> 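The structure is given below, and queries will be raised subsequently.
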Amino acid sequence: MDGARDRFPVAEPSRGRPAASGAPRSGTAVEAEALEEALQAALKGDELAFRAVYRDVHPRLLRYLRALVGADADDVASDAWLQIARDLGAFRGDYDRFRGWTTRIARNRAIDHLRKAGRRPGVSLPVEDLPEPVSAQDTESAALERLSTEEAVALIARLPQDQAEAVLLRVVIGLDAKEAGRVLGKRAGSVRTAAYRGLRRLAENLERKGGGERSDARTRKV
């Protein structure tokens, strides 16, 4: 293999809105079925099918890694895809499980990268379980619709680490709480709680930001 960059051309993230938590992760049921079929073909050695899977997963993975390692995200993603391609034959599961598996590999590569660079690994801290569910209809989730993807990821990255990773995995990668919990080594309830808190804090920050912008606009008119 000549390297992830050569075999799997880097696909830049979409600048559209991030998918809301709980939303269909591939846009439509037809697309989801096609991706499931592509994954199963890729597991049997079909390189074109693997490229199709890569094109869907990579942009989400790259946004996640940018929040963890910043400008080094492309290099970490390349390392992650080399391992994914090497270990693909050992993977068992459906497409949702595959997203979680690839994210876990990318996260481990990011942690290794930060440790080698002498920076603090982006490992989330445990949070207690609270009976606060995360819903696709939450007003906090809707707040992200006001932002471009890149701006949203930048704001998410400023949250406390446990909240930031939970929101990234639920909203940007599109994992459910159970699969996100596998990535983080946590219970699903803890991930739901952290995501809920993070989205709520994001909404509050956006309200403050919006209020400040309106105040500035009124000042300029005076």
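Bear in mind the structure is a predicted one, so any value in this text is a computation, not a measurement.
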> Apply side chain to side chain contact (heavy atoms under 4.5 Å, CB included) to the pair Trp101 and Val183, showing each step before the final yes or no.
CA-CA 7 Å; Trp101 180 70; Val183 173; over 6 Å; no
> Not counting sequence neighbours, which residues clear salt bridge (charged side-chain N to carboxylate O under 4.0 Å, His left out) with Arg97? List them please.
Glu179
> Heavy atoms, side chains only, cut-off 4.5 Å: are Lys178 and Val191 in contact?
no
> State the CG-CD distance between Leu35 and Glu33, to the nearest 0.5 angstrom.
10.5 Å
> Taking Lys186's backbone N and O only, do any of them form a donor-acceptor pair with Ser190's side chain (distance below 3.5 Å, no angle check)?
no
> Give every donor-acceptor pair under 3.5 Å between a side-chain atom in residues 39-46 and any protein atom, sequence neighbours left out.
residue	atom	partner	partner atom	Å
Gln40	NE2	Glu36	OE2	3.0
Asp46	OD1	Leu48	N	3.0
Asp46	OD1	Ala49	N	3.0

> Would you check if the side chain of Arg60 reaches a backbone N or O of Asp56 as a donor-acceptor pair within less than 3.5 Å?
yes
> Should Trp81 and Val57 count as side-chain neighbours, where that means a heavy-atom distance under 4.5 Å?
yes
> Nearest 0.5 Å, what's the CG-CD1 distance between Asp79 and Ile105?
12.0 Å
> State, to 0.1 Å, how close Ala177 and Arg192 come at their nearest heavy-atom pair, and which atoms those are.
CB-CG, 3.6 Å
> Going from CG on Asp74 to CG on Leu62, what distance comes out if it is rounded to the nearest 0.5 angstrom?
5.0 Å
> Residues two or more places apart in sequence or in another chain: which of them pass salt bridge (charged side-chain N to carboxylate O under 4.0 Å, His left out) with Asp112?
Arg109
> First locate atom CG of Leu65, then atom OG of Ser78, and finally report the distance between them rounded to the nearest 0.5 Å.
10.0 Å
> Please name the pair of heavy atoms, one in Ala106 and one in Ala80, separated by the smallest distance, quoted to 0.1 Å.
CA-CB, 3.8 Å
> How long is the straight-line distance from CD1 of Ile173 back to CZ of Arg99, given to the nearest 0.5 Å?
8.5 Å
> For the pair Tyr54 and Ile84, evaluate side chain to side chain contact (heavy atoms under 4.5 Å, CB included) and give the outcome as yes or no after the intermediate values.
CA-CA 10 Å; Tyr54 169 85; Ile84 291 165; over 6 Å; no
> Do Arg201 and Asn205 make a side-chain contact, defined as non-hydrogen atoms from C-beta onward lying under 4.5 Å apart?
yes
> Counting only N and O atoms by type, is there a donor-acceptor contact under 3.5 Å from the side chain of Arg197 to the main-chain atoms of Gln163?
no
> Nearest 0.5 Å, please: how far is CG in Leu68 from CG in Leu114?
7.5 Å
> So among Leu168, Val167, Leu169, which one has a side chain to side chain contact (heavy atoms under 4.5 Å, CB included) with Val171?
Val167
